[in-house]
Amino acid sequence: MSNTWIYHERQKALLCGLHALNNLCQAEVFDQNFLRQIARQLDQQELAMLGAPSSPGYQARLQEGSYNVDPAGNFSIQVLTVALQQKYGLT
């Protein structure tokens with residue numbers, strides 16, 4: 001008989017993306033702060049692409065809030081993708 005085990009994080013709050021990543025990696029590799037940092041970076045990149053802060057598109061995006069994370073902790077697929085790329089050098 002082998003000593004093989006499967007790592008599994010139970011769902012907490014609405015952090016399913018975080019738990020899915022850690023379950024995929026079979027360890028607690030990612031945490032909420034790391035994913036939030038990536039979400040903020042993506043938000044900044046998106047805002048930079050919209051041009052000047054006074055532009056209508058930029059202002060509209062600020063009003064809408066982040067598409068990369070919501071207050072409950074739901075992370076976009078872009079955040080999850082970048083997290084994997086950063087930790088494991090994936091492209």
Side-chain angles (χ1 to χ4, degrees):
M1 186 179 286
S2 72
N3 291 333
T4 304
W5 56 273
I6 296 174
Y7 179 85
H8 175 73
E9 287 185 3
R10 290 188 183 262
Q11 180 74 28
K12 295 178 189 167
L14 296 176
L15 300 172
C16 43
L18 169 64
H19 300 309
L21 284 179
N22 286 335
N23 289 336
L24 174 68
C25 297
Q26 288 294 284
E28 189 176 349
V29 175
F30 301 98
D31 63 28
Q32 190 173 3
N33 291 330
F34 182 74
L35 297 182
R36 284 191 182 281
Q37 181 181 17
I38 292 171
R40 281 192 295 273
Q41 291 169 352
L42 291 173
D43 287 342
Q44 290 303 314
Q45 291 172 7
E46 291 166 6
L47 286 171
M49 291 172 44
L50 292 172
S54 60
S55 72
Y58 190 101
Q59 291 300 314
R61 178 64 173 75
L62 285 178
Q63 291 291 324
E64 293 167 358
S66 178
Y67 294 140
N68 296 300
V69 64
D70 68 16
N74 289 304
F75 294 98
S76 71
I77 190 65
Q78 289 80 7
V79 170
L80 305 182
T81 301
V82 170
L84 287 170
Q85 289 169 338
Q86 287 184 4
K87 283 285 188 182
Y88 294 104
L90 302 175
T91 56

Over all heavy atoms of both residues, which pair between [X] and [Y] is shortest? Give the atoms and the distance, please.
{"X": "E28", "Y": "E9", "result": "CG-OE2, 3.9 Å"}
{"X": "K87", "Y": "F30", "result": "CG-CE2, 3.2 Å"}
{"X": "R61", "Y": "L50", "result": "CB-CD1, 3.5 Å"}
{"X": "L14", "Y": "A72", "result": "CD1-CB, 3.4 Å"}
{"X": "L84", "Y": "C25", "result": "CD2-SG, 4.3 Å"}
{"X": "L35", "Y": "L21", "result": "CD2-CD1, 4.1 Å"}

* Donor-acceptor under 3.5 Å (N22 side chain, V29 main chain) -> yes

* To do: Say whether, by atom type as modelled, one donor and one acceptor occur between the side chain of Q41 and the main chain of D43 under 3.5 angstrom.
  => no

* For the hydrophobic clusters of this structure (ILVMFWY residues joined by side-chain heavy atoms under 4.5 Å, transitively), does one cluster hold both Y58 and M49? -> no

* With the 4.5 Å side-chain cut-off for hydrophobic clustering, are F34 and I77 part of the same group? -> yes

* Picking from E46, Q45, R36, what satisfies side-chain hydrogen bond (donor to acceptor under 3.5 Å, both in side chains) with N68? -> E46

How long is the span from the [atom1] atom in [X] to the [atom2] atom in [Y], to the nearest 0.5 Å?
{"X": "L42", "Y": "Q37", "atom1": "CG", "atom2": "CD", "answer": "11.0 Å"}
{"X": "R10", "Y": "H19", "atom1": "CZ", "atom2": "NE2", "answer": "11.5 Å"}
{"X": "Q11", "Y": "L18", "atom1": "CD", "atom2": "CG", "answer": "9.0 Å"}
{"X": "L80", "Y": "C16", "atom1": "CG", "atom2": "SG", "answer": "8.5 Å"}

* To do: Please say whether more than 12 non-hydrogen atoms of neighbouring residues, nucleotides or ligands are located less than 6.0 Å from CD in Q63.
  => no

* Apply side-chain contact (heavy atoms from CB on, under 4.5 Å) to L90 and T81, showing your working. => CA-CA 9 Å; L90 302 175; T81 301; over 6 Å; no

* Audit row: Q85, T91, side-chain contact (heavy atoms from CB on, under 4.5 Å) steps and yes/no -> CA-CA 6 Å; Q85 289 169 338; T91 56; 5.7 Å; no

